[in-house]
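Just so it is clear: chains get the letters A, B, ... in the order the sequence lines come, proteins before strands, and each one is counted from 1. Remember, predicted model here, so these are calculated numbers, not experimental data.
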Protein chains: 2
Amino acid sequence: MRRLPTSPGLDERGLQRALERLREVVRARGLKNSSVREIIARAALTYEGHFSIDDLVRGLRGDALVDAHPATVYRVLPLLVEAGLIEATLVSSKAGSRYERCFEREHHDHLVCTKCGTVVEFCFEAIEVLQRDLAERFGFELTGHVHELFGTCRPCKQSDKASGGATHGRAPSR
Amino acid sequence: MRRLPTSPGLDERGLQRALERLREVVRARGLKNSSVREIIARAALTYEGHFSIDDLVRGLRGDALVDAHPATVYRVLPLLVEAGLIEATLVSSKAGSRYERCFEREHHDHLVCTKCGTVVEFCFEAIEVLQRDLAERFGFELTGHVHELFGTCRPCKQSDKASGGATHGRAPSR
DNA sequence: TGACATAATGAAAACGACTTTCAACTTCAG
DNA sequence: CTGAAGTTGAAAGTCGTTTTCATTATGTCA
């Protein structure tokens, strides 16, 4: 099992490859290119870590030159998912969808501290293998999975014991 | 790995034990007993398989003698979860939460056919062990997990190949 | 290059799953 | 039995997301 760094956001070269991929999908679906869509794609693909639609809109609004309407972001994100550029995650999804880049990134799952919101991204090949075995055993062709582990991280466990509830640092994101 | 039968709904004796457990939680939280709450608990605990809040309300409304308001169901279900009687599942959760009984039932995860909605409930101890290892390795105390596999079941795969899209039977539940 | 068909966009309304508010009704300890 | 406090249904409110519609942008074909 390995811990992966939290998504660092695509650099300019990777971004160009991603946008090219997006254009392929757009073409294949008989859609038209649009600059707003690429602005949204750029924001999503260069975002560091997990993001909500709101994060993206705020980020876009913060940039004085561009300004994408939330409804448009809602329209574009599924296309980015379809293009295999980003994917939905459960992480802290109490309210609203969350996404992260998956383009040019290794598959991984999440271990989440429910006290402070810390997220460990891990890759555990042994579990992946067992999942495939299991699906095969039941005659399923596997297309995806959700695997998220919840618990209490060591610092939270300790500060819980010490102070009876106070967290050691940042609060859960939602 | 083992396949489990889909939740068959509690019999009268099990139901009584569950309601007793509920009363414990109610007492512990300084709440009062209520017949409506027990009617809802009864409906949830005897429900066969996965259910949505809407399923429950409809079921309750169908019964001429009792009639629980949706808002009340929304209030009661979290209490049943807290009492360890039911738990939330992801299964086909495109719209709205879904639950299933977990009281006096073995832990299991889900393998879901995204074409026809078939759900295989499985218990795979090897994966559970690896999950615990992983959490420990990162210093987490594990409190829960979500593990759901998505794919295409054999019948769907075959009718896909044969007819180019038609399903072999029941449609996805949502 | 200009014109047309069609997709994309923003704004606002609609939607749907919940949650909250509040007045009337239970429950239960004293 | 009585009062304090929890519970309920009904209706209104919240919030993420989707849809509608008029306007704007894109791309193709003369």
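- Ring geometry for His147(A) versus His145(B): interplanar angle over 60°, hence perpendicular rather than tilted (30 to 60°).
- A donor-acceptor pair under 3.5 Å links the side-chain atoms of Asp55(B) to the main chain of Ser52(B), judged by distance alone.
- In this pair, Phe122(A) and Phe124(A) present their aromatic rings perpendicular. The plane angle is above 60°, beyond the 30 to 60° band.
- Nucleotides of DNA chain C nearest to Pro70(A) and Ser34(B) differ in position, and the one nearer the 5' end is that of Pro70(A).
- A donor-acceptor pair under 3.5 Å is formed between the side chain of His108(A) and the backbone N or O of Glu106(A).
- Leu56(B) has its CG atom 15 Å from the P atom of dA17(C), to the nearest Å.
- Among the nucleotides dT19(D), dG27(D), dT9(C), the one closest to any side-chain atom of Ala71(A) is dT19(D).
- A straight line from CG of Asp54(B) to P of dC15(C) spans 17 Å, rounded to a whole angstrom.
- Rounded to a whole Å, the CZ atom of Arg27(A) is 14 Å from the P atom of dA8(C).
- Summary of helix geometry: the two end axes of the helix from dT1(C)-dA30(D) to dG30(C)-dC1(D), each defined by five base pairs via their C1' atoms, are inclined to each other by 20° (rounded to 10°).
- Taking the salt bridge (Lys or Arg N to Asp or Glu O under 4.0 Å) definition, one finds that Arg75(A) meets it with nothing, sequence neighbours left out.
- One N or O on the side chain of Thr46(B) and one on the backbone of Arg42(B) form a donor-acceptor pair closer than 3.5 Å.
- Listed nucleotides: dT17(D), dT19(C), dT9(C). Nearest to the side chain of Tyr74(A): dT17(D).
- In the set dG27(D), dT9(C), dG6(D), the nucleotide with an atom closest to the side chain of Arg37(A) is dT9(C).
- Side-chain contact, His50(A) with Glu121(A): a donor N or O sits under 3.5 Å from an acceptor N or O.
- The interatomic distance linking Phe51(B) (CZ) with dA17(C) (P) rounds to 16 Å, in whole Å.
- A donor-acceptor contact under 3.5 angstrom links the side-chain atoms of Lys32(B) to the base of dA5(D).
- Phosphate contact (OP1/OP2 of dT9(C), side-chain N/O of Thr72(A), threshold under 4.0 Å): absent.
- When each of Leu31(B) and Arg75(A) is assigned the nucleotide of DNA chain D bearing its nearest heavy atom, the one mapping closer to the 5' terminus is Leu31(B).
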